[in-house]
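Per chain, numbering begins at 1; letters A, B, ... match sequence-line order.
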Amino acid sequence: MTIFKTIHAVVSTAVDEAAKSGALVLNAAAPTFVVEPPREAAHGDLATNVAMVLAKVAGKPPCAVAEILKPLLEQNPDITGVEIAGPGFINLKLQPKIWQQEIQEILKSGIHYGDSTIGNRLKVNVEYVSANPTGPMHAGHVRGAVIGDTLTHLLAKAGYDVTREYYFNDAGTQVDVLARTTYLRYREALGENIGEIPDGFYPGEYLKDVGVTLAQRDGKKWMDKDESEWLVPIRNFAVDYMMRMIRDDLDLIGIKHDVFTNERELIENGTLEKAFKILEDKGLIYVGTLPPPKGKVMEDWEPAPLTLFRSSKFGDSTDRPLKKRDGNWAYIMPDIAYHYNKIQRGFMLMINMLGTDHGGYLERMRPVVAAFSDDKAHLNVVYNNIVKIFKNGEPVKLSKRSGNLITLREMVEQVGAGAVRFFMLTRDPKSPLDFDFAKVVEQTRDNPVFYVQYAHARCCSILRHASEIFPVNEITAEALAKTDVSGITSPDELLLIKFMANWSRVVEAAATAQEPHRIAFYLMELAALFHGLWHKGNDNASLRFIVPDDKNLTRTRITLIKAVQTVIQSGLAVMGCPPLEELRNERPEEAA
RNA sequence: GUGCCCGUAGCUCAGUUGGAUAGAGCAGCUGCCUUCUAAGCAGCAGGUCACAGGUUCGAAUCCUGUCGGGCACGCCA
């Protein structure tokens, strides 16, 4: 139970009492109200808009409603002040004790501090990365991968039952191209001069290894065979190889999917046919002719009767063809089957991470989910904008053709996995992001990765110093959780606690909005508050956390530091960034 | 032409789902600081929240329209 929920219940009870006594006459159910920290610390500890939202149903102006509630709230021993302000806010001041107790709560919960149950164990599937198995992970994949993975941790922390999923297409022409290129590299590995990689093949160097590995396994077995003989086995070999490579790459930044689903399986085990049949049975399939797309000149447009899915019934702008003119499945059919498969597995919420260049996906797929689940399951797409790579302040042009790819491996090797992950979360997903190799490792205030990690390292440092004063068993989280912290009374310290008490609210809001970047911003703010407090001790030694001639005070303040360290760790855990205990070693040597 | 997203300080961006006087960092100006871990701290200045209407106690946030930018829009995979 968070402080906010406790006080919300108190306010709610006050409303009930006022209604029971006749002081407040409600002509309808009371609308929901909030108890939250006010924007201005000067307004008190907590603020509620209850009087304003009640004004209409009570038939009184907000301030009058507030006046009625005020004496009732004042009876609560935890509340030391009630003020009516502005358009009808009720500002509350609480006993410092309430905030001090929060420190103990943090230490007891450890990294689980901030966990929430709003997810109600709802089964949610988050599909992310889902790159097709034709090459290594590169810069273009990383942002969506990190956002998706962080979202899974966030949802889990908020009480959802999360499955991490990866879907790949292994039945289209892309994997055939992969197979043919592999075959070329295989011949190369056996000593043949293959010259330039021709058009229509993948040029990347990384496929050389696949060819070599295949040659090692199979020798000259395929050299004089016809494509019809080698295509399938080599394709399988190459797809497996690529998927292993991708998984190794993802492992570098701590991403592990629970489930891998592939297109070919959905086709071969009949899921696709079954999905179509179900839509047919629901009367959602018909043969018809679509009008030509509007606003775009289509020279070769010829109207023709096609097998259509009545998706317009579910909010789509048009019905969609499921079969091509030649009778083959249209390209969306495997995706439809895939979503049918997810619903079969019981997911009530499905979230797909996609690049912003997949614009119309949600509009096409939502009707599918609605149709299969009778509108019970929901699909959402989190779109992420592009990443622009900078080196030495210069933008790096990326092109697959020229082989100028920045790989995930390269990024991790240069700046570290934690930094890559953190930096990818420093923008709203919808905004473009500049990833500057120099900036990510810069040790300055305006590098958020450094700033937050430094706050953590500083906490560690202080605790190390404390271990010289206290026996180790006295400064464990368990021991400190029992410390008397009534000595924490300065406004700055209380402000820090109040901010930490928000952690659970941030988790809930970020999970609900499916916006993991909010975690990064929260940590940046927490770090700023903490650094600010540290610097006060710079000017005034009595404000330092370690006060050598006052053990009790030191113990009290160490407890606060332990709490800060814990909340930072809790946040970094959601982001998948390992907390650093020391930054010293990473500091570049200054030139003499 | 249609749909989605974006437009907030000179620059890069937040903005707790409709709350009180719109916030950070950088750059600029003014002072400090040489350390419980150093790579800084405090303050000042900076705004028609693209524009115009509307909704209500209250709008950067919701609705309509306009302007500007990005992306997506066939049976292509």
Side-chain angles (χ1 to χ4, degrees), chain A residues 34 36-40 42-43 47 49 51-53 55-56 61-63 85-89 91 132 169 171-174 290 292-298 300-302 304 306-308 317-318 320-326 328-332 334-335 355-364 381 383 385-386 426-428 430-434 442-448 450-451 454 457-458 460-462 464-466 502 505-506 508-510 512-513 515 517-518 520-522 524-525 528 531-532 534-539 541 544-548 554 557 582-584 587-588 590:
Chain A
V34 294
E36 56 188 8
R39 288 225 170 144
E40 302 287 328
H43 291 149
N49 62 351
M52 290 183 282
V53 299
K56 197 165 252 176
C63 288
F89 284 103
N91 293 329
N132 287 336
N169 299 110
T173 57
Q174 279 189 32
L290 290 173
K294 286 173 186 150
K296 208 177 169 185
V297 188
M298 214 77 65
D300 56 347
W301 177 262
E302 282 175 46
L306 294 164
T307 302
L308 301 173
S317 58
T318 176
R320 304 283 177 177
L322 300 190
K323 285 180 182 176
K324 294 190 274 194
R325 186 177 304 202
D326 64 10
N328 286 318
W329 294 115
Y331 73 96
I332 46 166
D335 277 9
T356 161
D357 54 334
H358 290 77
Y361 190 83
L362 186 60
E363 190 195 3
R364 288 200 302 275
V381 172
Y383 289 104
N385 215 314
I386 54 169
T426 56
R427 287 278 179 285
D428 183 306
K430 294 187 287 290
S431 305
L433 173 89
D434 293 346
E442 205 173 75
Q443 306 210 334
T444 61
R445 169 75 176 86
D446 65 319
N447 175 8
F450 165 76
Y451 198 64
Y454 186 34
R458 198 166 245 177
C460 293
S461 164
I462 293 162
R464 272 197 302 274
H465 279 268
N502 268 333
R505 289 165 43 84
V506 171
E508 290 178 355
T512 307
E515 291 181 354
H517 71 286
R518 294 190 192 194
F521 283 93
Y522 173 80
M524 289 184 241
E525 245 184 286
H531 285 308
W534 190 91
H535 281 286
K536 294 246 155 103
N538 242 357
D539 301 332
R544 294 186 178 187
F545 302 120
I546 293 176
V547 187
T554 300
R557 289 186 176 165
E582 243 183 321
L583 302 179
R584 192 191 293 275
R587 189 186 185 192
E590 311 255 335

Contacts of A:His43 that satisfy ring-ring contact (aromatic ring centres under 6.0 Å, His included) - sequence neighbours left out: none

Spacing of the C1' atoms in B:U8 and B:A50 (rounded, Å): 10 Å

Per the glycosidic torsion and the 90° limit around 0, nucleotide B:U17 is syn

With sequence neighbours excluded, residues passing ring-ring contact (aromatic ring centres under 6.0 Å, His included) with A:His358: none

A:Tyr454: partners by ring-ring contact (aromatic ring centres under 6.0 Å, His included), with sequence neighbours left out: A:Phe450, A:His531

Check whether any side-chain heavy atom of A:Tyr383 lies under 4.5 Å from a side-chain heavy atom of A:Asp357, and answer yes or no. no

Side-chain heavy-atom pair A:Gln174, A:Asn169 within 4.5 angstrom cut-off: no

Regarding A:Lys324 and the six-membered ring of A:Trp329, is the cationic atom NZ or CZ under 6.0 Å from the ring centre and inside 45° of its axis? no

Review item, nucleotides 75-77 of chain B N/O atoms under 3.5 Å of protein N/O:
unit_1 : atom_1 : unit_2   : atom_2 : d
B:C75  : O2     : A:Arg325 : N      : 3.0
B:C75  : N3     : A:Arg325 : NE     : 3.1
B:C75  : N3     : A:Arg325 : NH2    : 3.1
B:C75  : N4     : A:Glu302 : O      : 3.4
B:C75  : N4     : A:Arg325 : NH2    : 2.6
B:A77  : N6     : A:Tyr331 : OH     : 2.4

Looking at every strand, decide which applies to A:Gly360 at a 4.0 Å heavy-atom threshold: base, sugar-phosphate, or nothing. sugar-phosphate

Output yes when at least one side-chain N/O atom of A:His531 is less than 4.0 Å from OP1 or OP2 of B:C41, else no. no

Give the rounded distance in Å between these two atoms: OH of A:Tyr451 and P of B:G40. 10 Å

What is the separation between atom CZ on A:Arg458 and atom C1' on B:C41, rounded to the nearest whole Å? 11 Å

What contact category does A:Thr426 fall into here, base, sugar-phosphate, or nothing, at under 4.0 angstrom with non-hydrogen atoms? nothing

Applying side chain to side chain contact (heavy atoms under 4.5 Å, CB included) to A:Asn502 and A:Glu36, what does each step give before you reach the verdict? CA-CA 9 Å; A:Asn502 268 333; A:Glu36 56 188 8; over 6 Å; no

Salt-bridge present (A:Glu508, A:Arg505; N to O < 4.0 Å): no

Which is more 5' along RNA chain B, the nucleotide nearest A:Thr444 or the one nearest A:Leu433? Just name the residue. A:Leu433

Not counting sequence neighbours, which residues clear side chain to side chain contact (heavy atoms under 4.5 Å, CB included) with A:Ala85? List them please. A:Asn91

B:U37 OP1/OP2 closer than 4.0 Å to side-chain N/O of A:Ser461: yes

Hunt down any stem RNA chain B takes part in, defined as 3 or more consecutive Watson-Crick or G-U pairs whose two distances are each under 3.5 Å. B:1-7 with B:67-73, B:10-13 with B:23-26, B:28-32 with B:40-44, B:50-54 with B:62-66

Using the 3.5 Å cut-off, write out each protein N or O paired with an N or O of nucleotides 15-24 of chain B and the distance between them.
unit_1 : atom_1 : unit_2   : atom_2 : d
B:G15  : OP1    : A:His517 : NE2    : 3.4
B:U16  : O4     : A:Arg39  : NE     : 2.8
B:U17  : O4     : A:Ala513 : N      : 3.3
B:A20  : OP2    : A:Arg39  : NH1    : 3.1
B:A20  : N6     : A:Asn91  : OD1    : 2.9
B:A20  : N1     : A:Asn91  : OD1    : 3.1
B:A20  : N1     : A:Asn91  : ND2    : 3.1

Considering only atom P, compute the distance from B:A60 to B:G7 and round it to an integer number of Å. 14 Å

Within the stacking criterion (centroid distance below 5.5 Å, interplanar angle below 30°), does A:Trp534 stack on B:C36? yes

Which heavy atom of A:Lys323 sits nearest a heavy atom of A:Leu306, and at what distance? O-CD2, 3.8 Å

Taking only residues two or more places apart in sequence, or in another chain, which ones meet A:Arg427 in a side-chain hydrogen bond (donor to acceptor under 3.5 Å, both in side chains)? none

Over all strands shown, is A:Pro432 touching base, sugar-phosphate only, or nothing at heavy-atom distances under 4.0 angstrom? sugar-phosphate

Who passes salt bridge (charged side-chain N to carboxylate O under 4.0 Å, His left out) against A:Arg364, sequence neighbours left out? none

Pairs: protein N or O with nucleotides 29-33 of chain B N or O, under 3.5 Å:
none

To the nearest Å, give me how far apart CG (A:Asp446) and P (B:A39) are. 14 Å

Any residue meeting side-chain hydrogen bond (donor to acceptor under 3.5 Å, both in side chains) with A:Glu442, in chain and number order, not counting sequence neighbours: A:Thr444

Which whole number of Å gives the distance between the P atom of B:U2 and that of B:U64? 14 Å

Picking from B:A14, B:C71, B:A39, which would you name as closest to the side chain of A:Asp357? B:C71

Side chain of A:His535 - closest among B:U37, B:A14, B:C41: B:C41

So, is A:Ser431 near the phosphate of B:A14, with a side-chain N or O under 4.0 Å from OP1 or OP2? yes

For A:Glu363, side-chain hydrogen bond (donor to acceptor under 3.5 Å, both in side chains) partners two or more places apart: A:Ser317

When you check the phosphate oxygens OP1 and OP2 of B:U37, does a side-chain N or O of A:Tyr454 lie under 4.0 Å from one of them? no

Say you pick atom P in B:C33 and the same atom in B:A42; how far apart are they, in whole Å? 15 Å

